[in-house]
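Just follow the structure's listing: the first ligand is 1, and inside any ligand the first atom is 1. Side-chain atoms are counted along with the backbone in the values below, which use heavy atoms only and exclude waters and symmetry mates. Heads up: numbering here begins at 1 and tracks the sequence. Because the structure is predicted, anything quoted here is derived from the model rather than measured.
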Amino acid sequence: MRIRSVEPFILHAPIAQGSISDSTNTISHWGIVGARIETEDGLVGYGFTGTHAHLASDRLIAACIGDCYAPLLLGEDAADGDRLWLKLARHPALQWVARAGIAHLALAAIDIALWDLRAKKAGLPLWKLLGGATVDRLEAYNTDIGWLSLTRDALVAGCTRVVEQEGFRRIKIKVGHDDPMIDITRIEAVRRAVGPHVTIAVDANGKWDLPTCKRFCARAEALDLFWFEEPMWYDDVRSHAALAAATAIPIALGEQLYNADAFEGFIGAGAVHYVQPDVTRLGGITEYIRVADAAHARRLPVVAHVGDMGQVHVHLSFWHPATTMLEYIPWIRDCFVEPIAIEDGHYLPPQAPGAGCTPTDAALQAYRMPLRG
Ligand code: MG
């Protein structure tokens, strides 16, 4: 599997329901910034990272793939995944500027494409290559009905619909108003509508400070929240540890962390209960496995954040024994040859060889953005 070419690409896929907001962002498209890697024996692997479809920064990621990493990969054997990950991630010149941020998103796209190649070479879906499914069923929790930009009536209607008509038993609601009591009333309305047996998680996307979180939790504990996700600034271990000690609501985080060391900081401090790695930010599947294994060693559940909208994480989640469920946001499913699939609130295991990242020709044509201005 000698690597013959590495080419970046950028797709901006529109969100079907229009623009949505959480406490920190408003977006109308999801960015798929990827790597296409071809080997001399004719195999083609795809990997990508997920972005907010900001073209200028997407071009920086694509340039990192094409200009920094591609020359290091040409002629290499794509089977040597761990060695190549170290070659890119620990390259002296790149490590100086690239232990996180844009370069790590580029590394993720490359690493996923290399895994995609190896799974295609083996003729197996990635979860099978990794060791097989450790669960019979993989429950999905629905985030796509919980946006902060929805009115309270629309929020309640969407949550009720997916529970009563689509079989979801787990939902997540965005929070993060300047006045957290507005969020409390929204959650109360949803709890009344869906009843006591549906789990409700909430996600502040890092918006609040510790006093606001304590005030929110004091009222929210009566609402039986499944977890409180990213309550505060993403890197603030000490405040998350303090909140975890102060409330009965479990803390979830990880989507903004770039490496296993960052996770170890939160895990070691007792600052996280649900570990949420994202393969598109972590430098790929290789580092994701290190994080999931570290969580498993502490018997902490892993529930991935779907920066890939589930295309890769569905494989990792069926396989890794620490996983208990997976987020569901179906924005880009139509962009892929084998899209994620749900039945009665549960994911179906992918069947095609690879890591689920091969874009359709139609998506490449319709959503491709120019690499240079
Ligand atoms: Mg989140």
Problem - Any N, O or S atom of Glu255 closer than 2.8 Å to the Mg ion (ligand 1) - result: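 So Glu255 counts as coordinating the Mg ion (ligand 1), yes.
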Problem - Asp22 backbone or side-chain N/O/S under 2.8 Å from the Mg ion (ligand 1) - result: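 Not a single backbone or side-chain N, O or S atom of Asp22 is under 2.8 Å from the Mg ion (ligand 1).
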Practice task
Would you check if Thr26 and Trp147 make a side-chain contact, meaning some heavy-atom pair closer than 4.5 Å?
Solution key: no
Flag yes if more than 12 heavy atoms outside [X] fall under 6.0 Å of its [atom1] atom; otherwise flag no.
X      : atom1 : value
Asp41  : CG    : yes
Asp179 : CG    : yes
Arg333 : CZ    : yes

Exercise for the section: With the Mg ion (ligand 1) as the reference point, give the N/O/S atom of Asp203 that is nearest. Expected result: OD2
Exercise for the section: Check all N, O or S atoms of Glu229 and name the one closest to the Mg ion (ligand 1). Expected result: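 This residue's closest N, O or S atom turns out to be OE2.
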